[in-house]
**Student:** 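Can you read through this structure? Questions will come right after.
Numbering of ligands and ligand atoms starts at 1, following listing order. Bear in mind the structure is a predicted one, so any value in this text is a computation, not a measurement.
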Amino acid sequence: MIRVRAPATTANLGPGFDSLGMALELYLQVEAEFSQSGIEIVFSGVRDRSIMESPQENLLYKAMNFVFKQARYSPSGLYIEIDNDIPIGKGLGSSAAAIVAGMFTANRLIGDRFLPAELLRWAVKMEGHADNIVPSITGGLAVAMICEGEVYYQQVKPGSQLGVVVAVPDFILPTEQSRAVLPQNISLQAAVTNLQRACFLLASLQNGDFSNLARAMDDIIYQPLRKVFIPGFDQILHSALEAGALGVALSGAGPSILAFTAIGKERDIGQVMEKAFNEVGVSVQILCLKPDLQGVQYY
Ligand code: HSE
């Protein structure tokens, strides 16, 4: 039996749209082995029931199949157990984790025929964005750069004193819907402002200097457009910052909201975010997490 776990991720971190992502200690785990015939997928943990109907529609299985096809290998049967703690459709990289876990599982099943770099390239192609895939593979904070179709990345280890709170609303926001409001063009001034903030944020996290994260995480390009999908967005951010959050942003394409905190402040800030969401009639799950530093793992 092959066992693989891939972490959830939070992408963008405010100004790092499609560029920055951080792995979180929240996992999708898979166990798989070849069987005599057929495809059996068993689920536990958080799941979207629609993905249970047909194995062929399951993203993790599709990712496995992609790797088998590249190896020109056709298994006679597969048994797959998926234990997923990552909320689906909430901006926490559940699809990236499924693709990463699927590809690494399949590759191990066929004797590690491909290098991790090859799996990373295929996974980014399948997902369409690199900012969740790369940190799910590397762990930590990752900067992804795509040049002429190739993926380049750098991994940075965020300071160990960083707490993470994610408020996960009870509704789903499909990434396509969230991307539909993105602007076609932006001004030079907006680009420069976000560039400054993204660079500042990255350096702050690398140096463990969290004193100006709130300013650095204040995206001005897409968050003001996406917030229409999240009731009470401004008030939730304001409340979290008032309560002492170091910085707050939409997690990936949303609808979850991410707050960085000092260690030990996670619960207090989570409560404030929950209250602010509840005040606009939205129920949330509060996750108090840490950055994951390992990325995808065989265990
Ligand atoms: N960066 C993407 C977006 C989400 O904000 O649409 C994650 O790939």
**Student:** I'd like to check which ligand 1 atoms, numbered from 1 as shown, lie under 4.0 Å from a non-hydrogen atom of Asp131.
**Tutor:** 1 (N), 2 (C), 7 (C), 8 (O)
**Student:** Atoms of ligand 1 less than 4.0 Å from His129 heavy atoms?
**Tutor:** 8 (O)
**Student:** Considering residues, nucleotides and ligands other than Gln154, do more than 12 of their heavy atoms fall under 6.0 Å from its CD?
**Tutor:** no
**Student:** Should Asn12 and Asp219 be marked as a side-chain contact (heavy atoms from CB on, under 4.5 Å) after you check the CA-CA gap, both sets of side-chain angles, and the distance that decides it?
**Tutor:** CA-CA 9 Å; Asn12 303 332; Asp219 163 85; over 6 Å; no
**Student:** What is the nearest protein non-hydrogen atom to atom 4 (C) of ligand 1, stated with its residue, atom name and distance?
**Tutor:** Ala253 N, 4.0 Å
**Student:** Of the side chain and backbone of Phe17, name the one, both, or neither that has a heavy atom under 4.0 Å from an atom of ligand 1.
**Tutor:** side chain
**Student:** Aromatic rings Phe114 and Trp122: how do their planes relate, parallel, tilted or perpendicular, breaks at 30° and 60°?
**Tutor:** perpendicular
**Student:** Can you find an N or O of Asp18 that's nearer than 3.5 Å to an N or O of ligand 1?
**Tutor:** yes
**Student:** Start with the C-alpha distance between Gln297 and Tyr27, add both sets of side-chain angles, then the distance that settles side-chain contact (heavy atoms from CB on, under 4.5 Å), and finish with yes or no.
**Tutor:** CA-CA 10 Å; Gln297 295 282 310; Tyr27 300 98; over 6 Å; no
**Student:** Considering only NZ, NE, NH1 and NH2 on the basic side and carboxylate oxygens on the acidic side, decide whether Arg179 and Asp18 come within less than 4.0 Å.
**Tutor:** yes
**Student:** Yes or no: does Arg226 have any heavy atom under 4.0 Å from an atom of ligand 1?
**Tutor:** yes
**Student:** Identify the closest protein heavy atom to atom 3 (C) of ligand 1: which residue and atom is it, and at what distance?
**Tutor:** Arg179 NH1, 3.2 Å
**Student:** Would you say CD of Glu150 has more than 12 non-hydrogen atoms from neighbouring residues, nucleotides or ligands within 6.0 angstrom?
**Tutor:** yes
**Student:** Select the closest option to atom 5 (O) of ligand 1 among Asn12, Leu182, Thr10, Asn132, judged by heavy-atom distance.
**Tutor:** Asn12
